[in-house]
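Each chain gets a letter, A, B and so on, in the order the sequences are listed, and its residues count up from 1.
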Amino acid sequence: MATGERGPLTARLARMTVPTDRHDKLGKLQASGVPTYPAGMSLPGRELIQDLLARADPGAPEGDRAVATIAGRVASVRDHGNSLFLDIKDDSGRLQAFVRKKTLGEAAFVLLKETLDLGDFVACRGELARTRMGEATVFTESLELLSKSTLAPPSEWYGLADVETRLRKRYADLIANPESFERFRARSAIVRDARHFMEERGFMEVETPMLHGIAGGAAAKPFRTHHNTLHMDLSLRIAPELYLKRLLVGGYERVFEIGRNFRNEGLSPRHNPEFSMLEAYWAYARMDDWIEACETLVADLAVAHGCHQRAVEATAEDETPAPELLESHLVVRGDRVIDYSRPFARRTYAELIQEYAGADVFDESSVLQAAEKHGVATGGRGVYKIVDDLFGTCVEPQLVNPTFVTHLPIALSPLSKASAEDPRVAERFELIVDGMELANAFSELNDPEDQRERFEAQVAERDPELPAEVDEDYIEALRYGMPPAAGIGIGIDRLVMLLTGADSIRDVILFPLLRARARDGEEAGDEESPSAEPRKDAHLKSEG
RNA sequence: GGGGGUGUAACUCAGUCGGUAGAGUAACGGCCUUUUAAGCCGUGAGCCGUGGGUUCGAGUCCCACCGCCCCCA
């Protein structure tokens, strides 16, 4: 907004496309000396609706009633001529306010009726009591305009259904769709609980760079950028892994980071170019320790937060959720009911490939044959890539209940230790839930020479999804000695999807990346940057 | 990149065989002393995604483009 702009409010708003009727109301309010966006506002005694209802009994007898001040958005108005019923909605809930001409005074009441709109923010002060119909209500003695709304909010009754509007104007989605509002609350609570879980187990939260010279720690195309003063090409991180492990070298034994990773790849219902991970490293631990910790974390979160989804499903069928349902390990997602009871299933990678793809992971001809049969591309690619595709096509979609997939091929695991029993497989697991990879963990490779060889093999592949050069600094760090350790990455967005029943990652990211919309009166795509970074600005937006 | 779907009022949606652009909600004007999807009477509201084509006539049929959704590569 043009905050520096001066001049009468109505004149400023007239230059914008304010609907005429709401524009007239602004003038009316100004003429009456009522500030539409008052400064220096203080609301002594203002309570959240939820707190008020917990503190005071609306059914208290006359003379014993609480006086309350509530503030929020006008969500509904029922006009009865000489009185109004308003629904006031705040962060915590919704409460009715009753406003009478007799109480408020003729002039104030008339002005209110002439100017009040859905979406306005107001404060109401008065006694909390019940109406004849038994509805808890603030019998308003004074009402104050806190902020005027000049655009009509989306219909509360029908909600906001248009997917594009919901994503581009998330605020409108949050106003109109309570399930969306609650879902992002659930996300916050899930992250908070996950953080608490890690802290309780003695892990220290750290922040590592998002700007990397060499984007390593995963196989993905990075977003590229440039630092002007240092004349450095940089990438947004695709994973924090190599920095977190440098901290193990430095002597911290348990570290974790919750944060954003960036991968310059396609969008899908389960992929957003920026997404959140919880990544943790644990010295002197092995893969099995993470199986225990991960299982505990996910199962506990499912009981604690899946209850929201169970309640949603129950209410959809007009049933009151039974108490045992709210404490269960069952969480609904679409037409699946996912059972998070411990222990989760444990299967080996080779076993699953055999069962669902009919191939022997360690036999090339068997893999090629299966690829042919299942329509997986083979041309000019390493066997392990084909196996990986077979797993994604044939196995992953079949695993609905949480399943630890262990003994992944070492060729797919360039940063993990090989198993002591079988050098062909890594000491590694992936946790698959409802066909999605939710977590990935392994015993960390700490042999600098072995690591160098694997990096060099990656560079030799000349794959745009793999680093183009060896991260010498990381190798050097390993030379100083890294304790034996195991690490894990847990996809936060997917975790929230699973526990809230969301179908798309966009339903759990407040502001997902969307194609830039051509502005009116401009030729779209005409003089757009011809470079390979068409959406650079969407990511590198500076606050400065 | 390929295929399918979709785009109509602020919101949710109808729109038949190609023949004057519709409803509910919201808004606006009335009536109404406790309603709750308040009610009743009345009014206004549209670049039918954009551009082209076929036709006497296009929201509707055809082509291209744009956005969004889904599937596939």
Side-chain angles (χ1 to χ4, degrees), chain A residues 17-25 28 58 62 73-89 94-104 106 109-110 113-120 126-140 149-169 171-178 265-271 334 371 374-379 381 385-386 389 392-393 397 435 502-507 512-526 528:
Chain A
T17 50
V18 177
T20 319
D21 51 316
R22 293 207 178 198
H23 173 255
D24 293 346
K25 289 174 179 179
K28 222 173 251 182
E62 209 169 340
R73 170 177 266 124
V74 177
S76 166
V77 180
R78 294 174 294 282
D79 182 349
H80 285 253
N82 290 321
S83 62
L84 296 175
F85 292 92
L86 310 179
D87 285 352
I88 307 296
K89 197 167 82 169
R94 178 190 273 257
L95 185 61
Q96 178 168 269
F98 182 50
V99 188
R100 307 180 76 169
K101 189 198 270 182
K102 237 193 275 181
T103 318
L104 216 58
E106 171 92 26
F109 187 80
V110 169
K113 269 188 67 163
E114 282 178 352
T115 58
L116 189 71
D117 285 309
L118 291 183
D120 289 354
E127 271 191 355
L128 179 69
R130 290 196 189 280
T131 61
R132 271 180 218 159
M133 301 300 288
E135 178 90 6
T137 300
V138 174
F139 286 78
T140 304
S149 160
T150 56
L151 279 177
S155 151
E156 269 218 331
W157 180 245
Y158 292 104
L160 181 64
D162 182 76
V163 177
E164 188 180 354
T165 310
R166 288 183 54 204
L167 299 179
R168 288 195 194 275
K169 303 187 184 182
Y171 49 87
D173 175 42
L174 295 171
I175 290 171
N177 298 323
E265 295 168 345
L267 290 74
S268 90
R270 54 182 66 174
H271 297 91
H374 294 101
V376 167
T378 53
R381 306 180 331 141
K385 278 215 140 194
I386 298 168
D389 282 357
T393 309
D503 290 325
S504 168
I505 195 167
R506 288 168 168 172
D507 293 333
L513 182 67
L514 298 175
R515 194 181 305 272
R517 200 161 43 161
R519 274 177 289 178
D520 294 335
E522 278 180 27
E523 298 291 323
D526 239 9
E528 293 297 297

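Taking both residues in full, the closest heavy atoms of A/Ala172 and A/Pro154 are given as O-CG, 3.7 Å, listed atom of the first, atom of the second, then distance. The nearest pair of heavy atoms linking A/Asn177 to A/Gly159 is OD1-CA, 3.5 Å.
Distance CZ (A/Phe85) to P (B/C32): 16 Å, rounded to an integer number of Å. Whole-Å rounding puts the A/Leu513 CG to B/G67 P distance at 13 Å. At whole-Å resolution of the value, CZ in A/Phe109 and P in B/U33 are 11 Å apart. Spacing between atom CG of A/Asp24 and atom C1' of B/G44 amounts to 14 Å, rounded to whole angstrom units. Rounded to an integer number of Å, the gap from CD of A/Glu114 to P of B/G30 is 8 Å. Rounded to whole Å, the distance from CG on A/Asp79 to P on B/U33 is 11 Å. Between the C1' atom of B/C28 and the CG atom of A/Leu116 lies a distance of 15 Å, rounded to the nearest Å. In this structure, the NZ atom of A/Lys169 is 18 Å from the P atom of B/G67, given to the nearest Å.
On the C1' atoms, B/C70 is 23 Å away from B/A64, given to the nearest whole Å. Taking the C1' atoms as reference points, B/A58 lies 6 Å from B/G18, given to the whole Å. Comparing B/A10 with B/C66, their C1' atoms sit 23 Å apart, to the nearest whole Å. Between the P atoms of B/C32 and B/G22, the separation comes to 33 Å (whole Å). Annotation: B/G44 and B/A23 have their C1' atoms spaced 16 Å apart (nearest Å). Using C1' as the reference atom, B/G2 and B/C61 are 25 Å apart when rounded to the nearest Å. Straight-line distance between the C1' atoms of B/A14 and B/A21: roughly 11 Å, to the nearest whole Å. Remark: the separation of the P atoms in B/G24 and B/C62 is 32 Å, to the nearest Å.
Side-chain atoms of A/Leu118 and A/Val77, non-hydrogen and from C-beta on, do get closer than 4.5 Å to each other. Side chains of A/Glu106 and A/Lys101 form a contact here, defined as non-hydrogen atoms less than 4.5 Å apart. A/Val138 has its side chain out of reach of A/Ile88: every pair of non-hydrogen atoms, C-beta onward, lies at least 4.5 Å apart. The side-chain heavy atoms of A/Phe109 and A/Thr103, taken from C-beta on, include no pair separated by under 4.5 Å.
Distance from the side chain of A/Pro154 is smallest to B/C11 among B/C11, B/C68, B/U35. Taking only side-chain atoms of A/Ser76, from C-beta outward, the nucleotide of B/A38, B/C68, B/U34 with the closest atom is B/A38. You'll find that the side chain of A/Gln96 is closest to B/U36, out of B/U25, B/U36, B/U33.
Nucleic acid contact for A/Pro269: sugar-phosphate only, since backbone atoms but no base atoms lie under 4.0 Å from a heavy atom of the residue. Among the protein residues, A/Asp87 comes within range of no part of the nucleic acid, since none of its heavy atoms lies under 4.0 Å from any strand. Residue A/Leu84 is out of contact with every strand shown, counting any heavy-atom pair closer than 4.0 Å. If you check every strand for non-hydrogen atoms under 4.0 Å, A/Glu156 touches nothing.
The side chain of A/Arg168 contributes an N or O atom lying less than 4.0 Å from OP1 or OP2 of B/C68. Distances shorter than 4.0 Å separate none of the side-chain N or O atoms of A/His80 from OP1 or OP2 on B/G39. Considering only side-chain N and O atoms, A/Lys25 lies under 4.0 angstrom from the phosphate OP1 or OP2 of B/C28. Of the side-chain N and O atoms in A/Arg78, none sit less than 4.0 angstrom from OP1 or OP2 of B/U35. OP1 or OP2 of B/U34 lies within a sub-4.0 Å distance of a side-chain N or O belonging to A/Ser83.
At a cut-off of 3.5 angstrom, the base of B/U35 holds at least one donor-acceptor pair with the side chain of A/Thr131. Residue A/Glu135 places no side-chain atom within donor-acceptor reach of the base of B/U35, judged by atom type and a 3.5 Å distance cut-off alone. Applying the 3.5 Å distance criterion, the base of B/U35 shares no donor-acceptor pair with the side chain of A/Arg132.
Pairing of B/G7, defined by two Watson-Crick or G-U wobble distances under 3.5 Å, is identified with B/C66. Across all strands shown, nothing is found opposite B/U55 as a Watson-Crick or G-U wobble partner with both distances under 3.5 Å. In this structure, B/A23 forms a base pair with B/U12, meeting either the Watson-Crick or the G-U wobble geometry with both donor-acceptor distances under 3.5 Å. Remark: B/G39 base-pairs with B/C31. Criterion, Watson-Crick or G-U wobble with two distances under 3.5 Å.
Of the two residues near RNA chain B, A/Phe98 and A/Val77, the one whose nearest nucleotide lies more 5' is A/Phe98.
To the nearest 0.5 Å, atom CD1 of residue A/Ile175 and atom NZ of residue A/Lys89 are 7.0 Å apart.
In this structure a side-chain-to-backbone donor-acceptor pair under 3.5 Å is missing from A/Thr137 to A/Phe139.
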